[in-house]
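To find a chain, count down the sequence lines: A is the first, B the second, and so on, and within it residues start at 1. Source: prediction; values computed, not measured.
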2 protein chains.
Amino acid sequence: MLKISELSKKTGLTAHTLRYYEKHGLINASNRSEAGYRFYTDSDVRRVQFVKTARNTGFSLEDIGQLLSIRVDKLSHSCQEVTDITRKKLDEVSAKLTELQSMQQTLQLLLESCCGGPENATHCSIMEALDAGLLLDREAASRTEQQGETK
Amino acid sequence: MLKISELSKKTGLTAHTLRYYEKHGLINASNRSEAGYRFYTDSDVRRVQFVKTARNTGFSLEDIGQLLSIRVDKLSHSCQEVTDITRKKLDEVSAKLTELQSMQQTLQLLLESCCGGPENATHCSIMEALDAGLLLDREAASRTEQQGETK
DNA sequence: TATAAGCTTAGAGTTAACTCTAAGGTCAAC
DNA sequence: GTTGACCTTAGAGTTAACTCTAAGCTTATA
Ligand SMILES: [Zn+2]
Ligand SMILES: [Zn+2]
Ligand SMILES: [Zn+2]
Ligand SMILES: [Zn+2]
């Protein structure tokens, strides 16, 4: 039987977060002391670790709530339900990934185009690209910046 | 001179968002009608488009505030200031990307390991992997699932 | 027994970027 | 001259997942 601070140490989640998860129905302390202190069983600990693992995998607390419902009554739930949740999350992650990759590429091109030096920004190709709606390709940006540098 | 709804159409930002940006010091309407209606000049429009482009590139509104300060007085700012902002954002994006890629891989492995079928989830390898803290590799997960399938 | 550390609760605050509402003034058209 | 579309403001609500605070018990240690 662990007290909340002990569970906190064991899981790396703060006591605040554990109480937050409890308030939101994800976890529970099986027992309480007479004074009301939470006491966690091994089973409670495993549930918390499940939540933490799912969290690290990217699932939202709402997703995790569903996964936990399945976990406690696997006979009443199918693999398909589990994959539905997983695939939905994968799709979200993939979409976000695509968006971020596009941003990364744009930012890299911007950085490559700019001299990054201490002179004033009147010739800055990053500013120009943002002004132009990022229509410049790498070469055009580079050309523009060089004009500034060499003038 | 455009009214706010016209600027909205032109930029794809809602009138609400445009007022929000104004409240936060990013943009402004150069003129107002006697009744207080906002009127935007071409210069205002270009500034809004700059904001939108920077936003699409991933910059926060705070970043954009700094970029705008540079934009209106390029002589007092250096390319280095611009690249500092850009590199910081690139680093953030790259970090997030790494995190999401790890999630994506985990989710893909989970999906590959699970049959996704209509039978009950007592044998589900996704649930097992989450229970085990995702220590299972692809083969182990697959083996586990197959045991369930073939019994 | 007194001090400190740890526990309890309800509830407020944080973050970013919107998003929306209410209450009312303005303007063009019919 | 009255709809109806559009504009104004201040300010509240949204989202997710915490994060923290206050006020007050409890427990362990010296
Ligand atoms: Zn330069
Ligand atoms: Zn530059
Ligand atoms: Zn299965
Ligand atoms: Zn399965």
Side-chain angles (χ1 to χ4, degrees), chain A residues 1-40 44 48 51-68 85 88-89 92-93 95-96 99-100 103, chain B residues 1-40 44 48 51-68 85 88-89 92-93 95-96 99-100 103:
Chain A
M1 297 287 242
L2 302 175
K3 281 192 289 189
I4 197 165
S5 64
E6 294 164 333
L7 179 58
S8 169
K9 265 163 221 146
K10 192 151 200 158
T11 59
L13 302 169
T14 71
H16 277 308
T17 298
L18 291 167
R19 289 192 203 98
Y20 174 82
Y21 284 174
E22 179 180 311
K23 187 157 58 176
H24 287 72
L26 298 182
I27 64 173
N28 221 324
S30 293
N31 302 292
R32 292 273 186 142
S33 76
E34 286 185 9
Y37 283 27
R38 289 169 178 81
F39 281 115
Y40 297 92
D44 294 337
V48 172
V51 171
K52 195 193 176 192
T53 300
R55 202 76 198 77
N56 289 339
T57 309
F59 290 109
S60 69
L61 300 190
E62 192 185 338
D63 293 334
I64 295 172
Q66 293 180 50
L67 291 171
L68 287 168
I85 296 168
K88 178 170 137 290
K89 176 51 62 179
E92 285 172 26
V93 166
K96 190 74 188 165
E99 189 190 348
L100 284 175
M103 285 180 186
Chain B
M1 298 288 243
L2 302 173
K3 280 193 289 188
I4 197 164
S5 65
E6 293 163 334
L7 179 59
S8 169
K9 265 163 221 147
K10 192 152 201 158
T11 59
L13 302 168
T14 69
H16 278 307
T17 297
L18 291 167
R19 289 192 203 98
Y20 175 81
Y21 285 174
E22 179 181 310
K23 186 157 59 175
H24 288 72
L26 297 182
I27 64 172
N28 221 324
S30 293
N31 303 290
R32 292 273 185 142
S33 74
E34 285 186 11
Y37 284 26
R38 290 169 177 80
F39 281 116
Y40 297 92
D44 295 336
V48 171
V51 171
K52 195 193 175 191
T53 301
R55 201 76 199 78
N56 288 340
T57 309
F59 290 108
S60 67
L61 299 191
E62 192 186 337
D63 294 334
I64 295 172
Q66 293 180 49
L67 291 171
L68 286 168
I85 295 168
K88 178 171 139 289
K89 176 52 62 178
E92 285 172 26
V93 166
K96 191 74 188 167
E99 190 190 348
L100 284 176
M103 285 179 186

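- Counting all heavy atoms, side chain and backbone alike, T57(A) lies closest to M103(B) at O-CG, 3.5 Å.
- Look at CG on L7(A): it is 15 Å from C1' on dG6(C), rounded to the nearest Å.
- One atom, CD of E6(A), and another, C1' of dG6(C), lie 11 Å apart when rounded to the nearest Å.
- One finds a salt bridge joining E99(B) and K96(B) here, because a Lys/Arg side-chain nitrogen approaches an Asp/Glu carboxylate oxygen to under 4.0 Å.
- Across the protein-nucleic acid pair, F39(A) atom CZ and dT27(D) atom C1' stand 10 Å apart, rounded to whole Å.
- Scanning residues 30-38 of chain B for heavy-atom distances under 4.0 Å to DNA chain D yields R32(B), G36(B), Y37(B), R38(B).
- Protein atom CZ of R19(A) is 14 Å distant from nucleotide atom P of dT21(D), rounded to whole Å.
- Ion pairing between R19(B) and E22(B) fails under the 4.0 Å rule for side-chain N and carboxylate O.
- L26(B) has its side chain out of reach of Y20(B): every pair of non-hydrogen atoms, C-beta onward, lies at least 4.5 Å apart.
- For the 3.5 Å distance criterion, the side chains of D63(B) and S60(B) qualify, holding a donor opposite an acceptor.
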Can you give the donor-acceptor pairs under 3.5 Å from side chains of residues 11-18 of chain A to other protein atoms, not counting sequence neighbours?
from, atom 1, to, atom 2, distance (Å)
T11(A), OG1, L7(A), O, 2.8
T11(A), OG1, L13(A), N, 3.2
T14(A), OG1, H16(A), N, 3.4
T14(A), OG1, T17(A), N, 2.9
T14(A), OG1, T17(A), OG1, 2.9

Where along nucleotides 12-19 of chain C does protein come under 4.0 Å, by heavy atom, of base (B) or sugar-phosphate alone (S), with - for untouched nucleotides? -----BBB

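- Here the side chain of K89(A) pairs a donor or acceptor atom with the backbone of G58(A) at under 3.5 angstrom.
- We find that K88(B) and E92(B) are joined by a salt bridge, their nearest charged nitrogen and carboxylate oxygen being less than 4.0 Å apart.
- At whole-Å resolution of the value, CG in L2(A) and P in dC7(C) are 11 Å apart.
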